Every structure is written in C-alpha cells, then in structure tokens.
2 protein chains.
Amino acid sequence: MGEDENVRQGSNVAEQAPLNRERIVEAALALLDETGLDGLSTRRLAADLGIKSASLYWHFSNKDELLDAMCSALFDECLDIIDTGRQNFNWRKWLAGGTRGIRRTALSRRDGARVMARVRPVGEASARRIEANTAFLQSIGLTYEESTYALLALRRYAVGSALQEQVYAAVGQAATQDESEASFEYGLSLILDGLASRFSPLEFTPPEK
Amino acid sequence: MGEDENVRQGSNVAEQAPLNRERIVEAALALLDETGLDGLSTRRLAADLGIKSASLYWHFSNKDELLDAMCSALFDECLDIIDTGRQNFNWRKWLAGGTRGIRRTALSRRDGARVMARVRPVGEASARRIEANTAFLQSIGLTYEESTYALLALRRYAVGSALQEQVYAAVGQAATQDESEASFEYGLSLILDGLASRFSPLEFTPPEK
DNA sequence: ACCTGAACACCGTTCAAGT
DNA sequence: ACCTGAACACCGTTCAAGT
C-alpha cells in the first residue's frame, strides 16, 4: 500500500496539507500564549509553521488582518446560540452566561483580552448570533434599540474587565482569584438588575412556536 | 539688557529648559494624535524633542514606563475630586459625570482608550481619589466592597466602551455620533439603576461636618 | 546630570523569482 | 497556487563616551 506516498511527508503528518488561514490562526494563538501580544512576530510565527515570513503574506494581506482573524476565532469560541426551546427559560442566567463566557475566553490565554478588544463585525456567524440575540430580547419586551444597547453594554463590560484584570496580572499585582470574580460578578449583576427594572418578568416561558 | 543671554537659546524658548518626564509625556501625547499608538516610536518622539532616542532612556527605563506615564496623565485629566460640600448632592449625577469623563478623555485623542487601558495604580493622586470616592459611597450606604466594585465596574465599562468605539472609528465603520452616545448612556444608566436598587435615597444631602 | 554615537538584535512588508 | 531570497526601511535598547 504505497509506502512511497509517505516519502514526501515531513516528520509531522499534519504538516503535509497546504497551509490555510485557519491553521495559521491556530498556530498564532498557540504562539500568543508563549510570547504575549508584544512578542508575537510574523517571523517567529512563520518559523513555528516551518515557513518563511514572506509566505504569510499570501494568506493574509498584513499582520492586522491576522490579528483580526485571531480575534474572530476567540469570539467563535464563546459563541452561544440561543436555545429558544427550553421551558422556564431564564433570560438573566442566559445573559450572565454569555457575558461570563466572553470574559473567561479572554482570560483563558495570554493577552486574550487585548486581542478580543479588536472586536469588529467580521464573519457571518457573529452577525447571525447578535441578530438572534437581539430578536430574543425584543420578544421578551425590550425595544430593538434597548436590545442592541444592552448586548453591547455587556460585551463592553466583559472585555473591559478582562482587559484590566490581565493588565494587573501582567504587572504581578493580580488580585486574588476570588476578588477578581467577585468584582466582575458585582458589576455584572448591576447591569442585569438595571435591565430587570426595565421590564417585568424575571422568568420567561417562550411561546410555543 | 543682555542680548547675549539669548545667544545660546534655540529658536524656541521653551526648548532651553532641561527635559523632564513631564515634557516628554506631553510631547508623546501630541505625537500620539499624529501617529496613533502603533506609529509612536521612541525614535520619532526623540526627533520631535530635538534629542537622540538613546537620551530618552535616561528619563524612562523603557517604552512601557513612558506609556504608563501617558496613561496616568490621561487619568489625571479627568480627575474628579468629590465636592462633598454641596447641598442636594446627587450621587447618580456625580457617578455618571465621572464615568463620562473617563470615556470623553479617552475619545479626545487618537488611540486614547488603548493608552488608558493600561490603567494601573501609579501615582498618589489617583489612589487618594479612589479612596475618597469609595469613602463617599460608603457614607451613603454601600459597604466597602460594594463601593470599590461599583467604581471598578464603571471604570471598566467606560474604558471598554471607548476602546470599542475607537476600534470601529479606526476602521471607518463609526456609528453616528448620536448612536455612540446613546448606546453608552444606555449601558451607564443600567449600571446606575442597578446601583440605585441597592440602597434607597436617590437624592442625598450630606451631613454637616 | 544629561546627552550622543554607534552598534545589536530584531521588526513588518514587498517583490521578483522559483516550483 | 503557494512559497522563497533578498532586500528596504524601520524598530527598542544598551553602553561606552562625551560635556
């Protein structure tokens, strides 16, 4: 069975397939954990991929575009499609979970928050998610604008929190784990309380469709 | 009257005094508006100051320290010492004003939010301000932790908002001015409403001291 | 005390050329 | 279609040396 098929392969089987954006982003995120954002260079990334740095420019038109793709990948990790079918759906828990997810994803890798801070609407997936989420908030009594703004506020708060937590961590002044969690949760509950005061039902049973 | 005193001066009178950190930070902030954070190089900054870039390292041990000083300078711009003497002091307006100040300062210069995102407790001035502010919140009924966390949440929200607004602006996808303001104000009011629900008096008259 | 000259070890990016 | 070689125009930082 064709041993010669393997002759051209490098030692690592995964390396044989031609490079694509996805694999580059993956390697870049791995490198990020090692070097931090300031140490993440295209030359080092290329070396990790067994390639010359000029080659990266066939896949991405510049480093910024690569960083945007990394940002998108991180947001995809905490993509949270709404499960509208459940009974006794609790909007508060749902929003809290989504917001925690953004923060946790950011904190899960070195300088993750700085990468996620580049957030911009790339990709259809995130556009669809945002649309579905605002539609849901409207269905429980918020206006279109309120829905948009509420989701925006939660995302801004999550990214802002992770960002500052990582700054303090980088400088060796990290608060205790408990304190970080507590301060984040406090602010989150403030926002959700404010939201709760704008319409009545804390528990919501969706209409059967 | 000593024309010869002027002989050694450059064309710009302000240039004669020896450089100090303050003047360097000032020049750096001016340069930031021209070049953005990514274009802000120590070499270019030195050139603007009429100096060689190596000289900067006598005043700052590295670029990060300079950026921290720039961040502190921006926070000093929106330093808001509490006026505890006024009658009918409205805590809501006071907190809203402080939060808006952080955002406005960040938005007032190119990449201002990215600089302010490095926030860390340098300087006694900001430490005193935070202490005074938490003390005040305690005096109107919050616990020490609630006070700290509430101020932290507002700052995180303000920086997070400005950061994302400037990202969108940089990419030419700026929302209308009205929309930016409206979305920021909406999230701010959510937080303040949540805070209001935690203790009763919306208006507060401080005790005479 | 404050600044320079000169160097070190890097960057991101381009582009003709290879396969 | 995908990658390389080689170059361009930069970086931040160090350090002996100047005044």
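Letters A, B, ... mirror the listed sequences (proteins, then strands); counts begin at 1. The structure presented is a predicted model; accordingly, all values stated were derived computationally and were not measured.
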**Student:** Under 4.0 Å between a side-chain N or O of A:His59 and OP1 or OP2 of D:dA1?
**Tutor:**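 The answer is no; no side-chain N or O of A:His59 sits under 4.0 Å from OP1 or OP2.
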**Student:** Out of C:dG5, C:dT13, D:dC3, which has the shortest distance to the side chain of A:Thr42?
**Tutor:**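 For A:Thr42, the side-chain atoms sit closest to C:dT13.
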**Student:** Quickly work out the A:Leu56 CG to D:dC3 P distance and round it to whole Å.
**Tutor:**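 It is 9 Å, rounded to the nearest whole Å.
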**Student:** With heavy atoms under 4.0 Å as the rule, sort B:Leu45 into base, sugar-phosphate or nothing.
**Tutor:**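 Nothing: the residue B:Leu45, judged by heavy atoms under 4.0 Å, touches no strand.
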**Student:** Atom NZ of B:Lys63 and atom P of C:dC10: how far apart are they, to the nearest Å?
**Tutor:**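 Atom NZ in B:Lys63 sits about 18 Å away from atom P in C:dC10.
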**Student:** Can you tell me how far P of C:dT13 sits from CD of A:Glu65, to the nearest Å?
**Tutor:**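 Going from CD in A:Glu65 over to P in C:dT13 covers 10 Å.
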**Student:** Check B:Met116 against B:Cys78 and note the closest heavy-atom contact, atom names and distance.
**Tutor:**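 Residues B:Met116 and B:Cys78, closest heavy atoms: CE-SG, 4.2 Å.
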**Student:** Could you tell me the separation between the CZ atom of B:Arg44 and the P atom of D:dA9, rounded to a whole number of Å?
**Tutor:**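 Interatomic distance, CZ of B:Arg44 to P of D:dA9: 18 Å.
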**Student:** Could you go step by step and tell me if B:Leu151 and B:Thr134 meet the side chain to side chain contact (heavy atoms under 4.5 Å, CB included) rule?
**Tutor:** CA-CA 8 Å; B:Leu151 290 173; B:Thr134 58; 3.5 Å; yes
**Student:** D:dC10 C1' sits how many Å from A:Arg43 CZ, rounded?
**Tutor:**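 These atoms are roughly 11 Å apart.
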**Student:** With a 3.5 Å limit on both atom pairs, tell me what D:dC3 is paired to, counting Watson-Crick and G-U wobble, or say none.
**Tutor:**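 Pairing partner, where one exists within any strand: none, as none qualifies.
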**Student:** Which one of A:Arg103, A:Arg100, A:Arg104 satisfies the salt bridge (charged side-chain N to carboxylate O under 4.0 Å, His left out) criterion with A:Glu181?
**Tutor:**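 It is A:Arg103; the other options fail the test.
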**Student:** CD1 of A:Ile24 versus P of D:dC2: gap in Å, rounded?
**Tutor:**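 Distance check: A:Ile24 CD1 to D:dC2 P gives 11 Å.
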**Student:** If you check every side-chain atom of B:Leu19, which of C:dT13, C:dC3, D:dG12 has the closest atom?
**Tutor:**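 So the nucleotide nearest the side chain must be C:dC3.
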**Student:** Indicate, with a heavy-atom threshold strictly under 4.0 Å, whether B:Leu40 touches base, sugar-phosphate, or nothing.
**Tutor:**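 Sugar-phosphate contact only.
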**Student:** Using the side-chain heavy atoms of A:Tyr57, tell me which of these nucleotides is nearest: D:dG5, C:dG12, C:dT4.
**Tutor:**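 Closest nucleotide to the A:Tyr57 side chain: C:dG12.
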**Student:** Go ahead and name the base partner of C:dG12; Watson-Crick or wobble counts if both distances stay under 3.5 Å, otherwise write none.
**Tutor:**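 Result: D:dC8.
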**Student:** From NZ of A:Lys52 over to C1' of C:dG18, roughly how many Å is that when rounded to an integer?
**Tutor:**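 Taking atom C1' of C:dG18 as the reference, NZ of A:Lys52 is at 15 Å.
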**Student:** For the residue pair B:Leu56 and B:Leu49, establish whether any side-chain heavy-atom pair is separated by less than 4.5 Å.
**Tutor:**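 When only atoms from C-beta onward are counted, B:Leu49 and B:Leu56 do touch, with a gap below 4.5 Å.
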**Student:** With heavy atoms under 4.0 Å as the rule, sort A:Ser55 into base, sugar-phosphate or nothing.
**Tutor:**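 The residue A:Ser55 makes base contact.
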**Student:** Rounded to whole angstroms, how far apart are CG on A:Leu49 and P on D:dT4?
**Tutor:**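 The answer, rounded to whole Å, is 11 Å.
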**Student:** For A:Ile102 and A:Leu154, run side chain to side chain contact (heavy atoms under 4.5 Å, CB included): C-alpha distance rounded to whole Å, both residues' side-chain angles, the deciding distance at 0.1 Å, then the answer.
**Tutor:** CA-CA 9 Å; A:Ile102 292 174; A:Leu154 288 168; over 6 Å; no
**Student:** For the side chain of B:Asn62, starting at C-beta, report the closest nucleotide among D:dT4, C:dG12, D:dT13.
**Tutor:**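 Ranking D:dT4, C:dG12, D:dT13 by closest atom to the B:Asn62 side chain puts D:dT13 first.
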**Student:** With respect to the side chain of A:Ile51, which nucleotide from D:dG12, D:dC3, D:dA6 is positioned closest?
**Tutor:**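 Taking heavy atoms from C-beta onward, the closest nucleotide is D:dC3.
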